[in-house]
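Take a look at the structure below.
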Number of protein chains: 2
Amino acid sequence: MGITIRDVAAAAGVSTATVSRALRGLPNVDQVTRERVKDVAAALDYVISPSASRLASGRTGSIAVITPYISRWFFSEIIARVESVMQQSGMDLLLMNVGDYQNGHARIPPTPRLRRRVDGILIVSLPPQDPDLEAILSLGMPTAMIGGIAPNVECVVIDDVSAAKRATEHLVALGHTRIALMAGGPATARFTAESQRERGFHLVMKQNSLVEDPMLEVFGHFTIEGGESAMDALLNQPNPPTAVFAMSDEMAFGAIRSIRKHGLEPGCDVSIVGVDNHPMSSYLGLTTVSQPVSELGVTAGERLMGQILGIDPLGENGRVTELPTELMVRESTGTKS
Amino acid sequence: MGITIRDVAAAAGVSTATVSRALRGLPNVDQVTRERVKDVAAALDYVISPSASRLASGRTGSIAVITPYISRWFFSEIIARVESVMQQSGMDLLLMNVGDYQNGHARIPPTPRLRRRVDGILIVSLPPQDPDLEAILSLGMPTAMIGGIAPNVECVVIDDVSAAKRATEHLVALGHTRIALMAGGPATARFTAESQRERGFHLVMKQNSLVEDPMLEVFGHFTIEGGESAMDALLNQPNPPTAVFAMSDEMAFGAIRSIRKHGLEPGCDVSIVGVDNHPMSSYLGLTTVSQPVSELGVTAGERLMGQILGIDPLGENGRVTELPTELMVRESTGTKS
DNA sequence: TTGTAAGCGTTATCAG
DNA sequence: CTGATAACGCTTACAA
């Protein structure tokens, strides 16, 4: 069961070597021969055996995308773009969720599954201190990273510090002085984006000599519900903030709901700005700092392919590509009343 | 570069055959031998070569998930669950978007890429008349399908007809008689869910002797923007509907926005019900018919694995598993004013 | 330009 | 229970 290269060779009256060369477009094949082989292969409905090809050549023709989440907007959007790039490059895309964050089930370390299985790895937003990260990087294969920076690796990022600065400055410019920070979680096990955005926030607060009340730092776990509870907590304080910088739009959504629930109006009584430019943000009138999610995925995918193909090789110390962000002012922010 | 089974065999003082058996947990291996082999393999940091294993065994250890979209909520949620099932089964998950719907780039037919490459295929919501669908099914490999029914295939679905009936009946029970239908697009190239939901809608309308004004059938393309424009068109008519059944929550979101834009209040001036129970639905107070997306993914994944492993084989005519839906009444629907 | 043949690293079939 | 050894289907020097 299954036409092999030998069948094609026999039918075309050439050797298997020639078939292999002809079909892969290698040079040094007579044009006539090549056409004949191609025709015969098509007629026989020949499909190459990837396993055999891989075993013989050492190339797997696939890459792995490793992410802590699959269905969250940011991640699924990136996966979609990378898939698109890989499809055009004729590469298979293996999807690997590094559990724990998402599912209840035990986390299966991805490293062993990666060895000998893929030609390259694309890592999306693993926290720098993630135990698997180092293991993956030390595999020493072509690797690209989105949303994080590591030495000797192709990194595609946004400037999270400046994104946060932009958001916070916007709030300050509107006259707010009592500004809350809605982070994902406590400082341990943070994503790169979290610590950077926190830095940006602190910087601007300091620059403007604004006090940072520790009571005004809350955790929304990057979810709508989390953002809502966090905002609840903020508003139930004796001296609530007049503005909030949320590290993600989804948390901001929850916060908006909480604000309304308390009989207040976002952008009027309380200003809120997020990060992402999630598709629902314009819908909800959320002021946010947009990040170019699609470009992040496409760029990282293409760079990874460049490494794998040997064109566009990586320098000694890796490379960091920074993509631009933009403040989108909408209704959720306004001058301090 | 790379420890092979021979290195392990030599180090353990056994044959490669024994190593293979011991490591895979096959019977007929002395317990002591097995342990020794395992220890040696671990010490040597041996990792099996998937390509070699695949070539020799004929099993690829991977499945393909084929979807028309990756980043839309329904799809990414399903992908996430399937990934989880596959990870636990030790299978690789190849992600394949059957372009065209999503990207601008030329659609690459998935069939050749599937042959000899995977042990099973999980198809998510391909329209029944999709040219690739038949080709994929005729590959004759273990296949499972979500959101569609085909002969001789493992199908996991919801009852879209009754989902639509439930939604429409809810509207009728509230006293609405002039009810609009917001579909994805025109009848050609429809997803299974679309035609089924349309049927359910028509059934209830007929049962209640309600006239179906052709002006009240609009297309929202399953997007927020599409839903908004479609609702705009509806409200700009001389005799607008008092209620709308939208085939998806995302379209309903857009519709809600349009309603508000027209100075009307959802659930009060115009009622609207969707399908999905998207995470944002409860947030926006959208009445909807929920579908068990996670279960859809898990069930299909497990069934597919059952087929691949030979347990839980498929009967002659395939099998259809129907998962339950539920009407979630929220603020976007109310009695006819 | 084309053919020959030696791998690639496992698995699986037989013997033993 | 264990060991030889022939596949598995392709790639790739090396020859011709």
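Since this is a predicted model, take the numbers as computed values, not measurements. Just so we're on the same page: letters track the sequence lines, and every chain starts at 1.
A heavy-atom distance below 4.0 Å to DNA chain C is reached by these residues of residues 37-48 of chain B, ordered by number: B/Tyr46, B/Val47, B/Ile48.
Atom pair A/Arg24:CZ and D/dG9:P shows a separation of 17 Å (rounding to whole Å applied). Between the C1' atom of C/dG9 and the CG atom of B/Leu23 lies a distance of 13 Å, rounded to the nearest Å. For the pair A/Arg54 CZ and C/dC8 C1', the interatomic distance rounds to 14 Å; values are reported in whole Å. What separates CZ of A/Arg59 from C1' of D/dT11 is a distance of 8 Å, to the nearest Å. Rounded to whole angstrom, the span from the CG atom of A/Leu26 across to the P atom of D/dT12 amounts to 8 Å.
Side-chain atoms of A/Leu94 and A/Val65, non-hydrogen and from C-beta on, never get closer than 4.5 Å to each other. Put simply, the side chain of A/Val98 does not reach to within 4.5 Å of the side chain of A/Thr67, judged on heavy atoms.
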Practice task
Scan nucleotides 1-8 of chain D nucleotide by nucleotide, 5' to 3', and note B when protein non-hydrogen atoms come under 4.0 Å of the base, S if they reach only the sugar-phosphate, - if neither.
Solution key: SBBB---B

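Both tests do not hold together for A/Arg72 against A/Phe75: distance to the six-membered ring centre under 6.0 Å, angle to the ring axis within 45°.
Not one side-chain nitrogen or oxygen of B/Ser20 sits closer than 4.0 Å to the OP1 or OP2 atom of C/dT10. Side-chain nitrogen and oxygen atoms of B/Ser53 include none within less than 4.0 Å of the OP1 or OP2 phosphate oxygen of C/dG9.
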Practice task
List the steps and the verdict of salt bridge (charged side-chain N to carboxylate O under 4.0 Å, His left out) for B/Asp92 and B/Arg54.
Solution key: CA-CA 13 Å; B/Asp92 287 340; B/Arg54 287 166 188 187; 3.4 Å; yes

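Inspection of the B/Arg115 and B/Thr111 side chains reveals no N or O donor paired with an N or O acceptor under 3.5 Å. Looking at B/Arg303 and B/Thr321, their side chains do bring a donor and an acceptor atom within 3.5 Å of each other.
Without hydrogens or angle criteria, B/Thr60 side chain to B/Asp119 main chain gives a donor-acceptor distance under 3.5 Å.
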Could you pull out all donor-acceptor pairs under 3.5 Å where a side-chain atom in residues 133-148 of chain A meets a protein atom, sequence neighbours excluded?
unit_1: A/Ser138; atom_1: OG; unit_2: A/Glu134; atom_2: O; d: 3.2
unit_1: A/Ser138; atom_1: OG; unit_2: A/Ala135; atom_2: O; d: 2.9
unit_1: A/Thr143; atom_1: OG1; unit_2: A/Met141; atom_2: O; d: 2.7

